[in-house]
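Shown next, in structure tokens, is the structure this report addresses.
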2 protein chains.
Amino acid sequence: MDDTVTTRRDRRKAGRTGCAVEATLSVIGGVWKPVLLFHLLEGKLRFNALCRLTPSATPRMITLQLRELEADGIINRIVYPEVPPKVEYELTELGRSLAPVLLSMRDWGQRLQMLESAA
Amino acid sequence: MDDTVTTRRDRRKAGRTGCAVEATLSVIGGVWKPVLLFHLLEGKLRFNALCRLTPSATPRMITLQLRELEADGIINRIVYPEVPPKVEYELTELGRSLAPVLLSMRDWGQRLQMLESAA
DNA sequence: CGGCATCCTTATAGATACTG
DNA sequence: CAGTATCTATAAGGATGCCG
């Protein structure tokens, strides 16, 4: 086996294709990740809280995205060993450093929503 | 045919699910859109130039993403009626207003790359 | 409560070949 | 040069049910 296929994707997965923006997207590139992280900016949240705040994503999707974020060192998963189970998610320091990105996204989205409601 | 399936997605497509971040993502949510837009921050670019700057995406993908961005009023497509054909893309004013988002993405990606190379 | 495993459907992305 | 069309493979995503 050699470089038969998936040349482009592999190069992307490998790391940088030349652009720092792609590095960022490889971490928060999922559709729901920025939304979840944005909600976590305000503090720790339980799984169910995240589900309620992101009703357009299924619990399954939210789980998967959270796992990836955890693997990338963006969030911590805190399990409280009690019954009924309780799990909270919080941003790591690296995750909190995403605040400028997330806040600028929110700001732009707000402007867009204003433009749309005006039209 | 009625509201059988895709309930969640439909609600998302419909507009806002409650969060401005989602509004932003509905416009630049694609994996390649932020990269393309970031490159266009520096000025007009031809199709081939965008392909060269984004080697991990296929020309087909780039075409599709550019079309969506055009439909959302983020970029202009300028066709020069000459042979050989020449098409340039440039940000609209709305597109340029994304600069803070794109630049914060680049900044964070640069920090990430530094952390990775240090590790 | 907070998941995870499974199954299944749909959407997406890639390769390739062709056109104005 | 700047795409478009088609076809196929893969993966994303949803529904459901079970478990700690």
Side-chain angles (χ1 to χ4, degrees), chain A residues 2-13 17 22 25-26 28-33 35-36 39-40 44-71 75-90, chain B residues 1-13 17 22 25-26 29-33 35-36 39-40 44-71 75-90:
Chain A
D2 45 40
D3 56 340
T4 38
V5 281
T6 61
T7 353
R8 291 163 188 276
R9 275 196 69 95
D10 286 352
R11 261 187 289 162
R12 195 174 89 78
K13 297 270 181 184
T17 331
E22 296 190 35
L25 289 169
S26 70
I28 61 162
V31 185
W32 302 117
K33 287 178 186 174
V35 184
L36 296 171
H39 291 312
L40 285 171
K44 283 200 287 274
L45 284 174
R46 299 185 62 165
F47 180 79
N48 264 2
L50 284 169
C51 288
R52 257 177 276 113
L53 288 167
T54 319
S56 39
T58 56
R60 179 183 128 91
M61 275 303 105
I62 293 174
T63 300
L64 293 173
Q65 308 282 303
L66 289 173
R67 285 295 131 88
E68 289 188 20
L69 290 170
E70 192 190 1
I75 61 173
N76 287 321
R77 181 166 175 265
I78 311 162
V79 182
Y80 297 86
E82 55 186 54
V83 178
K86 176 178 170 185
V87 177
E88 285 186 328
Y89 294 90
E90 68 174 2
Chain B
M1 80 301 255
D2 45 39
D3 56 340
T4 39
V5 282
T6 62
T7 352
R8 290 163 188 278
R9 277 196 68 94
D10 286 350
R11 261 186 291 161
R12 196 175 88 77
K13 299 268 181 186
T17 331
E22 296 190 34
L25 289 169
S26 68
V31 185
W32 302 118
K33 287 178 186 175
V35 184
L36 296 170
H39 291 312
L40 286 170
K44 283 200 286 275
L45 284 174
R46 300 185 60 164
F47 181 80
N48 263 3
L50 284 169
C51 288
R52 257 176 275 112
L53 289 167
T54 319
S56 39
T58 56
R60 179 184 128 88
M61 274 303 105
I62 293 174
T63 300
L64 293 173
Q65 308 282 304
L66 289 173
R67 286 294 134 88
E68 289 188 20
L69 290 169
E70 192 190 1
I75 61 173
N76 287 320
R77 181 166 174 265
I78 310 162
V79 182
Y80 298 86
E82 56 186 54
V83 178
K86 177 178 169 182
V87 178
E88 285 186 327
Y89 294 90
E90 66 175 4

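These numbers were taken from a predicted model, which means no experiment stands behind them. Convention: sequence-line order gives letters A, B, ...; per-chain numbering from 1.
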(Q) Could you tell me how far apart B:Leu50 (CG) and D:dC1 (P) are, to the nearest whole angstrom? (A) 14 Å
(Q) What residues from residues 78-85 of chain B pass a heavy-atom cutoff of under 4.0 Å to DNA chain C? (A) B:Pro85
Q: Look at B:Arg77 and D:dG3 and indicate whether a side-chain polar atom (N or O) is within less than 4.0 Å of OP1 or OP2.
A: yes
Q. Can you check the B:Leu64 CG to D:dA2 C1' distance for me, whole Å?
A. 13 Å
Q: Give a yes/no answer on whether the side chain of A:Arg46 brings an N or O atom under 4.0 Å of OP1 or OP2 in C:dG2.
A: yes
Q. Which nucleotide sits closest to the side chain of B:Met61: C:dG14, C:dG3, D:dG13?
A. C:dG14
Q) Is A:Arg60 side chain donor-acceptor paired with the C:dG3 base, going by distance under 3.5 Å alone? A) no
Q) Considering all heavy atoms of both residues, which atom of B:Ser56 and which atom of A:Glu22 are nearest to each other, and what is their separation? A) OG-OE1, 3.3 Å
(Q) Looking only at the side chain of A:Thr63 (C-beta and beyond, no hydrogens), which of the listed nucleotides C:dG3, C:dG14, D:dG13 gets closest? (A) C:dG3
Q.
Can you tell me which residue among B:Leu50, B:Val35, B:Leu36 is in a side-chain contact (heavy atoms from CB on, under 4.5 Å) with B:Gln65?
A. B:Leu36
Q: Please round to the nearest 0.5 Å and tell me the distance separating atom CG of B:Leu25 and atom NZ of A:Lys33.
A: 12.5 Å
Q. Whole-Å distance between D:dC1 P and B:Glu88 CD?
A. 14 Å
Q.
What I'd like to find out is whether the side chain of B:Tyr80 reaches to under 4.5 Å of the side chain of B:Glu88, using heavy atoms alone.
A. yes
Q: May I ask you to decide if B:Met61's main-chain N or O and B:Thr58's side chain share a donor-acceptor pair within less than 3.5 Å?
A: yes
Q. Counting just side-chain N and O atoms, does A:Thr58 come under 4.0 Å of either OP1 or OP2 of D:dG14?
A. yes
Q) Going from CG on B:Leu66 to CD1 on B:Ile75, what distance comes out if it is rounded to the nearest 0.5 angstrom? A) 4.5 Å
Q. Does D:dT4 have OP1 or OP2 sitting under 4.0 Å from an N or O in the side chain of B:Arg67?
A. yes
